[in-house]
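Take a look at the following structure, please.
Computed over heavy atoms, backbone and side chain alike; hydrogens, waters and symmetry mates excluded. Counting starts at 1 for both ligands and their atoms, in listed order.
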Amino acid sequence: MTIESDLYHPGHYDRSRPVPSYWEATGGPPPAGVGSLTGDITTSIAIIGGGYTGLSAAYHLAREHGIAAAVLEAGPIGWGASGRNGGFCGLGGSKMGYRLMAQRFGTAETRCFFEAQKAGVALVRSLAAEEGIDIEPAGEGEHYLAHKPSRWHVLENYAGTVQRLFGERWALWRKPELEERLLRSPEAHGCLFIPHYLGLHPLRYVRGLAAAAVRRGASVFERTPVTAWQRTDGRHRLVTPHGTVTAERVLVATNGYTPEGLDPALHGRLLPALSSIVVTRPLSPDEQAAQGWVRPALVADTRNLLFYIRLLRDGRLLFGARGGTDASPAAFARRRAWMERRLGEKFPAWRGVGIDYAWWGLVCLARDLLPHLGWLDDGRSTLAALAYHGSGVSFATMFGRAAAARLAGREPDPPLPDFVLAPPPRFPVPGLRLTALRAAYAAYGFKDEWL
Ligand SMILES: Cc1cc2nc3c(=O)[nH]c(=O)nc-3n(C[C@H](O)[C@H](O)[C@H](O)COP(=O)(O)OP(=O)(O)OC[C@H]3O[C@@H](n4cnc5c(N)ncnc54)[C@H](O)[C@@H]3O)c2cc1C
C-alpha cells in the first residue's frame with residue numbers, strides 16, 4: 001500500500017520536509033515523549049493519524065476510559081491539516097446549511113448537531129486550560145462578511161434560521177457599523193457576528209494535545225507510516241517500516257490524507273480538496289489603520305469558495321482560500337500569485353505588502369456534505385472519524401472524544417445525531433471525483449463573482 005493518495009501530485013504527500021508555514025516557524029518545540037516505532041507491540045486500540053482526531057481519541061481513551069491506545073502518524077505530529085490550518089476554532093464539521101439539515105433530518109437532530117458543534121469549541125478551550133497548552137488565543141467570534149451588497153440577504157437568512165431553530169440571536173452589522181467596529185474593504189458590505197469562535201495557533205494546539213495524550217498514558221509514534229494492514233483471527237496487524245502493531249480495534253483518523261488503499265471499506269467515499277494560505281509580513285499600526293482593521297479578529301465571507309482571513313497577534317494578515325485541483329509545484333506558484341493579487345483587491349491599502357509564508361493542505365469532503373463517525377465493518381472493530389469539510393479544529397477534537405467513547409463501548413457524550421454515526425456514502429463514480437470537483441468550482445466561482 002502506498003501512503004500517497006493517487007488523487008493529487010505525489011509531492012504534496014512528501015513528509016520528509018516541514019510544511020513551510022507561519023505556524024511551523026512559530027510553533028515551539030515538538031511534543032515531549034513522542035518517537036518513532038521500532039519493534040513489534042500489541043495494544044487494544046491502534047489509531048492511524050496523528051492530528052486532532054487521532055490525538056483527541058487517544059487522550060480521551062486514556063483519561064475517560066482507562067485505555068492506553070497507540071497512535072501512528074506517518075509524518076511529524078500535526079503534519080496533516082491539524083498543524084497547518086487557519087486556526088479558526090468554531091462551528092465546524094459540515095457544509096450542509098442548518099435549514100436543509102432540519103428539512104432532511106428534523107429539528108431535534110439538527111439541534112443535537114448544533115449543540116455538538118458548540119461542545120467542540122468548549123472542549124478545545126477546556127483541554128487547553130486543563131493541560132496547560134498555550135494555544136495563543138487571538139480573536140473571539142467570527143465576522144461573516146457579505147462580499148457583495150446582494151449577499152446581505154444571506155446573512156439575514158442565516159441569522160433568521162439560527163434564531164428559529166436554536167433560539168440564538170446573532171448580531172447583524174450594516175456596512176457603516178462594520179467599518180466602525182472592525183474593518184473597511186470594497187468586498188465587505190455588512191457582517192453577521194457568530195459568537196462561537198476563537199482564533200488559535202493550530203500547530204501549538206496539536207503538539208500540546210500529543211504531549212497531553214502521552215502524559216495520560218497513550219503511546220504516540222510519529223514518522224511511523226502504516227504501509228500494510230493485515231487482518232487475521234479477528235485481530236489487526238498494522239505494518240510500519242520498523243515495527244508492527246497488533247490491535248483488537250483500529251480508528252482511522254486520516255481525514256484528507258487518507259490513502260486510497262488504506263481500507264477497501266473507505267475507497268471512493270472521501271474527496272480531499274485543497275485549501276491555501278498566505279501570511280504577510282507584520283503590518284505596522286499605521287498600515288493596519290489604513291484598512292481600519294487594528295485588532296486580532298477572524299473573518300470569513302459569503303463566497304461558496306470561501307475566503308478566510310485573520311489579523312494575527314503580531315500584525316500579520318493570514319489570508320486563506322479554497323479551490324484548485326492541481327497540487328503540483330507549478331500550480332502552487334500560480335496559486336500563491338493569485339492569492340497575493342486577490343489580497344490586494346480585497347484590501348487595497350495592503351497591496352504589495354509582501355508575503356512571508358505560503359502553503360497549502362488537504363481538507364476532506366463527503367458526498368453528503370456531512371462529517372462521519374462510523375464503523376467500517378460488521379464486527380465493529382474498525383471505526384472511521386473524518387470529513388470535516390475544512391472546519392475540523394473543534395469538530396475533530398470533539399469527534400476524537402466521541403470515537404473514544406464508541407471504541408470503549410459507550411455512547412458519545414454529548415450525544416451525536418444518527419446522521420453522522422455511519423461511514424460516508426460512496427461517490428457514484430469515484431474515478432471522476434476530481435472532475436466533478438473542478439466542475440463544482442467553476443460553477444461556484446461564477447456564482448460568487450458574477451451573480
Ligand atoms: C489549509 C487549511 C486550512 C484550514 N483551516 C481551518 C480552520 O481555520 N478552521 C478549522 O476548523 N479547520 C480548518 N481546516 C481543516 C482542519 O485542519 C481539519 O479538519 C483537521 O485538522 C482534521 O484533523 P484530523 O486529525 O482528522 O486530520 P489531519 O490533521 O489531516 O491528520 C491526518 C493525519 O493522518 C496521517 N496519515 C495518513 N495516512 C497515514 C498512514 N498510512 N499511516 C500513518 N499516518 C497516516 C497524515 O500524515 C496526517 O497527519 C483547514 C485545513 C487546511 C488544509
>> Just to be sure I read this right, does ligand 1 sit under 4.0 Å from the backbone of Ala385, its side chain, both, or neither, counting only heavy atoms?
In response: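 The answer is neither.
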>> With respect to Trp79, determine whether any N or O atom, backbone or side chain, lies less than 3.5 Å from an N or O atom of ligand 1.
In response: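 Trp79 vs ligand 1: no N/O contact under 3.5 Å.
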>> If you measure every N or O of Ser82 against every N or O of ligand 1, does any of those distances drop under 3.5 Å?
In response: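 Min N/O separation from ligand 1 is below 3.5 Å for Ser82.
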>> So if I count the atoms of ligand 1 from 1 in the order they appear, which ones are less than 4.0 Å from some heavy atom of Leu362?
In response: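 Heavy-atom distances to Leu362 below 4.0 Å select 53 (C).
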> Within a strict 4.5 Å, meaning less than it, do heavy atoms of the Pro296 and Arg310 side chains meet?
Replying inline: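 Not in contact.
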>> Regarding Ser275 and Tyr308, do their side chains bring together a donor and an acceptor under 3.5 Å, going by distance alone?
In response: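 Yes, because at least one side-chain N or O of Ser275 sits under 3.5 Å from a partner of the opposite role on Tyr308.
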>> I'd like to know if the side chain of Arg235 reaches the main chain of Thr246, judged simply by a donor and an acceptor atom lying under 3.5 Å from each other, with no hydrogens or angles considered.
In response: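 A pair under 3.5 Å: no.
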> Around atom OH of Tyr13, are there more than 12 heavy atoms of other residues, nucleotides or ligands at under 6.0 Å?
Replying inline: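 Yes - once you tally the heavy atoms of other residues, nucleotides and ligands closer than 6.0 Å, there are more than 12.
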> Can you tell me which residue and heavy atom of the protein come closest to atom 1 (C) of ligand 1, and the distance to 0.1 Å?
Replying inline: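 Ranking protein heavy atoms by distance from atom 1 (C) of ligand 1, first comes Ser275 O, 3.3 Å.
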> Going by distance alone, is a donor N or O of one side chain under 3.5 Å from an acceptor N or O of the other, for Tyr52 and Asn255?
Replying inline: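 No, Asn255 and Tyr52 have no side-chain donor paired with an acceptor closer than 3.5 Å.
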>> Can you report which non-hydrogen protein atom sits closest to atom 24 (P) of ligand 1, along with the distance?
In response: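 Result for atom 24 (P) of ligand 1: Thr53 OG1, 3.5 Å.
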> Can you tell me the protein heavy atom closest to atom 49 (O) of ligand 1 and the distance?
Replying inline: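 Sorting protein heavy atoms by distance from atom 49 (O) of ligand 1 puts Glu73 OE1, 2.7 Å first.
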>> Under a 3.5 Å threshold, yes or no: a donor from one side chain and an acceptor from the other, between Tyr357 and Glu24?
In response: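 Checked: Tyr357/Glu24 side chains show no N/O donor-acceptor pair below 3.5 Å.
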> For ligand 1, which atoms have a heavy atom of Asn255 less than 4.0 angstrom away?
Replying inline: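 Every atom of ligand 1 under 4.0 Å from some heavy atom of Asn255: 19 (O), 22 (C), 26 (O), 27 (O).
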>> Between Leu203 and Arg84, is the side-chain contact (heavy atoms from CB on, under 4.5 Å) condition met? List the steps.
In response: CA-CA 7 Å; Leu203 185 59; Arg84 61 171 94 181; over 6 Å; no
> Can Arg303 and Glu187 be counted as an ion pair, charged N to O under 4.0 angstrom?
Replying inline: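 Answer for the salt bridge query: yes.
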>> Could you work out, for atom 14 (N) of ligand 1, the closest of Gly75, Gly390, Gly320 by heavy-atom distance?
In response: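 Among Gly75, Gly390, Gly320, the closest heavy atom to atom 14 (N) of ligand 1 comes from Gly390.
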> For atom 16 (C) of ligand 1, what's the nearest protein heavy atom and its distance?
Replying inline: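 Checking every protein heavy atom, the shortest distance to atom 16 (C) of ligand 1 gives Gly392 N, 3.8 Å.
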> Can the ring centroids of Trp170 and Tyr158 be said to lie less than 6.0 angstrom from one another?
Replying inline: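 Distance test on ring centres: under 6.0 Å, yes.
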>> Tell me whether ligand 1 is touched by Trp360 - counting only heavy atoms on the residue side and a distance under 4.0 Å.
In response: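 False for this residue.
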> Between the side chains of His236 and Trp229, is a donor N or O closer than 3.5 angstrom to an acceptor N or O?
Replying inline: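 A pair is found: one side chain offers a donor N or O, the other an acceptor, under 3.5 Å apart.
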>> Quick check on contacts: which atoms of ligand 1 are under 4.0 angstrom from a heavy atom of Gly80?
In response: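 Counting from 1, the qualifying ligand atoms are 29 (O), 30 (O), 48 (C), 49 (O).
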> Numbering the atoms of ligand 1 from 1, which are under 4.0 Å from a heavy atom of Gly361?
Replying inline: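 Those of ligand 1 that fall under 4.0 Å from Gly361 are 53 (C).
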> Is any side-chain heavy atom of Thr224 closer than 4.5 Å to a side-chain heavy atom of Val245?
Replying inline: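 A side-chain contact under 4.5 Å is absent here.
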>> With respect to Val226, determine whether any N or O atom, backbone or side chain, lies less than 3.5 Å from an N or O atom of ligand 1.
In response: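 Yes, since at least one N or O of Val226 sits under 3.5 Å from an N or O of ligand 1.
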> Any idea which protein heavy atom is nearest atom 34 (O) of ligand 1, and the distance to it?
Replying inline: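 The protein heavy atom lying closest is Gly49 CA, 3.4 Å.
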>> Side chain or backbone, does Val363 bring an N or O within less than 3.5 Å of an N or O on ligand 1?
In response: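 Not met; the criterion fails.
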> Is the closest side-chain donor-acceptor distance between Glu168 and His196 under 3.5 Å?
Replying inline: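 There is such a pair (donor and acceptor under 3.5 Å, judged by atom type) between the side chains of Glu168 and His196.
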>> Does any N or O of ligand 1 fall below 3.5 Å from an N or O anywhere on Gly256, backbone included?
In response: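 Not met; the criterion fails.
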>> Checking the N or O distance criterion of under 3.5 Å, is ligand 1 in contact with Gly86?
In response: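 Such a contact does occur with ligand 1.
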> Polar-atom distance check: Thr258 versus ligand 1, any N or O pair below 3.5 Å?
Replying inline: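 The answer is no, given that Thr258 and ligand 1 share no N or O pair closer than 3.5 Å.
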>> Can you tell me which portion of Thr254 lies within the under-4.0 Å heavy-atom range of ligand 1? Options are side chain, backbone, both, or neither.
In response: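 For Thr254, the contact with ligand 1 is made by both the backbone and the side chain.
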> What part of Val206, side chain from CB on, backbone N/CA/C/O, both or neither, has a heavy atom under 4.0 Å from ligand 1?
Replying inline: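 For Val206, no heavy atom sits under 4.0 Å from ligand 1.
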> Below 4.0 Å from any atom of ligand 1, is there a heavy atom belonging to Leu386?
Replying inline: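 False for this residue.
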> Below 3.5 angstrom, do we get any N/O pair linking Gly50 and ligand 1?
Replying inline: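 In this structure, Gly50 places no N or O atom under 3.5 Å from an N or O of ligand 1.
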>> Using a 6.0 Å cut-off, check whether atom CD of Glu411 has over 12 heavy atoms from anything other than its own residue.
In response: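 Counting other residues, nucleotides and ligands, CD of Glu411 stays at 12 neighbours or fewer.
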>> Checking ring-ring contact (aromatic ring centres under 6.0 Å, His included) between His143 and each of Phe88, Tyr197, Trp173, which is the one that passes?
In response: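 Running ring-ring contact (aromatic ring centres under 6.0 Å, His included) over Phe88, Tyr197, Trp173 with His143 returns exactly one hit, Trp173.
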>> Please work out, at 4.0 Å between heavy atoms, whether the side chain, the backbone, both, or neither of Trp359 comes within that distance of ligand 1.
In response: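 Trp359 to ligand 1: no contact under 4.0 Å from either part.
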>> Please report whether ligand 1 has a polar contact with Gly78, defined as an N or O pair separated by less than 3.5 Å (distance criterion only).
In response: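 Not met; the criterion fails.
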>> Tell me the protein heavy atom at minimum distance from atom 28 (P) of ligand 1, and give that distance in Å.
In response: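 For atom 28 (P) of ligand 1, the nearest protein heavy atom comes out as Ala81 N, 3.7 Å.
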>> How long is the straight-line distance from CD1 of Ile67 back to CZ of Arg249, given to the nearest 0.5 Å?
In response: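 That separation rounds to 6.0 Å.
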> Can you tell me which residue and heavy atom of the protein come closest to atom 50 (C) of ligand 1, and the distance to 0.1 Å?
Replying inline: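 Heavy-atom neighbour on the protein nearest atom 50 (C) of ligand 1: Asn85 CB, 3.2 Å.
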>> For a quick check under 3.5 Å, do Arg438 and Thr325 share a side-chain donor-acceptor pair by atom type?
In response: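 On atom types as modelled, these side chains qualify, holding a pair under 3.5 Å.
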> Can you list the atoms of ligand 1 that are under 4.0 Å from a heavy atom of Pro259?
Replying inline: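 Reading through ligand 1 atom by atom, the close ones are 38 (N), 41 (N).
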> Taking atom 25 (O) of ligand 1 as the point of reference, which of Tyr52, Trp229, Tyr388 owns the nearest heavy atom?
Replying inline: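 The nearest heavy atom belongs to Tyr52.
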> Is it true that the side chains of Asp314 and Tyr22 contain a donor and an acceptor less than 3.5 Å apart?
Replying inline: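 Tyr22 and Asp314 do have a side-chain donor-acceptor pair below 3.5 Å.
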> Any non-hydrogen atom of Arg15 lying under 4.0 Å from ligand 1?
Replying inline: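 For ligand 1, residue contact (heavy atoms, under 4.0 Å) with Arg15 is present.
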> Taking Tyr98 as the fixed residue, which of Phe105, Phe113, Phe114 is the one that meets the ring-ring contact (aromatic ring centres under 6.0 Å, His included) rule?
Replying inline: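 Result: among Phe105, Phe113, Phe114, Phe114 is the only option passing the ring-ring contact (aromatic ring centres under 6.0 Å, His included) with Tyr98.
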> What residue and atom, counting heavy atoms only, is the protein's closest point to atom 9 (N) of ligand 1, and at what distance?
Replying inline: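 Ranked first by proximity to atom 9 (N) of ligand 1 is Phe88 O, 2.7 Å.
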